[in-house]
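Worksheet for the structure shown next.
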Amino acid sequence: MNYWLMKSEPDVFGIDDLQQRPQQTEHWDGVRNYQARNMMRDDMKIGDQVFFYHSNCELPGIVGIAEVVKESYPDFTAFDPDDKHFDPKSHPDKPTWFMVDVKFVRKLKRTISLQELKLKPELTDLALVRRGNRLSINPVTQQQWTFILSLE
DNA sequence: GCCAACGTTGGC
DNA sequence: GCCAACGTTGGC
């Protein structure tokens with residue numbers, strides 16, 4: 001089983017939004033970066049555990065846990081000219097962009113902030129805290145996963 | 001294939 | 001709102 005961290009802006013789609021969705025499940029659309037796409041398309045499997053991260057907000061950090069419940073399929077928002085993430089170069093018969101479905105598992109008891117994660121010597125290799133990392137999806141090792149949860 | 005210009009992300 | 005760090009685009 002693999003572990004991941006997925007960023008979302010709480011003003012757009014936060015952990016509470018995921019919890020309130022039908023089946024507490026939502027498709028992770030709108031990723032328009034090839035590295036992030038490759039991770040979703042090739043490596044994210046059903047049952048993988050996901051840290052839900054709030055970015056671009058007052059207290060950026062990990063706020064909850066989700067789980068992959070559907071593996072890679074075409075991101076249909078890329079086909080919709082009215083969608084914010086429309087990509088005219090992606091066609092239904094040969095899609096450029098893919099997504100997975102994630103399901104709410106639980107909220108953390110508290111937000112484990114980016115600031116706090118950066119201070120931990122155990123997490124210097126965490127992709128999230130590496131300089132210049134802007135990817136919306138990051139791999140997390142099992143060791144990192146366990147350690148971060150121990151901070152809760 | 002190079003690289004300058006531009007766009008985006010996201011912390012601060 | 002600023003700006004560093006990337007990714008993408010497009011002229012050549």
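Letters A, B, ... are given to chains in the order of the sequence lines, protein chains preceding strands, and every chain is numbered from 1.
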Under 4.0 Å from OP1 or OP2 of B:dC12: is there any side-chain N or O of A:Lys118 that close? yes
Using a heavy-atom cut-off of 4.0 Å across all strands, would you classify A:Glu9 as base, sugar-phosphate, or nothing? nothing
For the pair made of NZ in A:Lys84 and C1' in B:dT8, what is the distance, rounded to whole Å? 10 Å
How far apart are the C-alpha atoms of A:Arg134 and A:Ser55, what are their side-chain angles, what is the distance that settles it, and do they pass the side chain to side chain donor-acceptor pair (under 3.5 Å) test? CA-CA 10 Å; A:Arg134 298 178 312 154; A:Ser55 66; over 6 Å; no
Does the side chain of A:Tyr53 get closer than 4.0 angstrom to OP1 or OP2 of B:dT9 through an N or O atom? no
Under 4.0 Å between a side-chain nitrogen and a carboxylate oxygen: does that hold for A:Glu152 and A:Arg106? yes
Can you tell me how far P of C:dA5 sits from CG of A:Asn56, to the nearest Å? 18 Å
Which atoms form the tightest heavy-atom contact between A:Trp28 and A:Met99, and what is the distance? O-CB, 3.2 Å
To the nearest Å, give me how far apart CG (A:Leu128) and P (C:dA5) are. 16 Å
How many Å lie between NE2 on A:His54 and P on B:dG10, as a whole number? 13 Å
Contact under 4.0 Å: A:Lys89 side-chain N or O vs C:dT9 OP1/OP2: yes
Tell me: CG of A:Asn133 to C1' of C:dA4, nearest whole Å? 13 Å
Taking CZ from A:Arg134 and C1' from C:dA4, how many angstroms apart are they, rounded to a whole number? 10 Å
Roughly, in whole Å, what's the span from OH in A:Tyr34 to P in C:dT8? 7 Å
Could you state the atom-to-atom distance from CZ of A:Arg130 to C1' of B:dG10 in whole Å? 18 Å
Would you call A:Asp125 and A:Arg130 a salt bridge, using N to O less than 4.0 angstrom? yes
Which nucleotide wins on minimum distance to the side chain of A:Arg131, given the candidates C:dC6, C:dT8, B:dC12? C:dC6
Over-ring placement of A:Lys70 relative to A:Tyr73, 6.0 Å and 45° cut-offs: yes
Could you tell me whether the phosphate oxygens of B:dT9, OP1 or OP2, come under 4.0 Å of any side-chain nitrogen or oxygen in A:Lys7? no
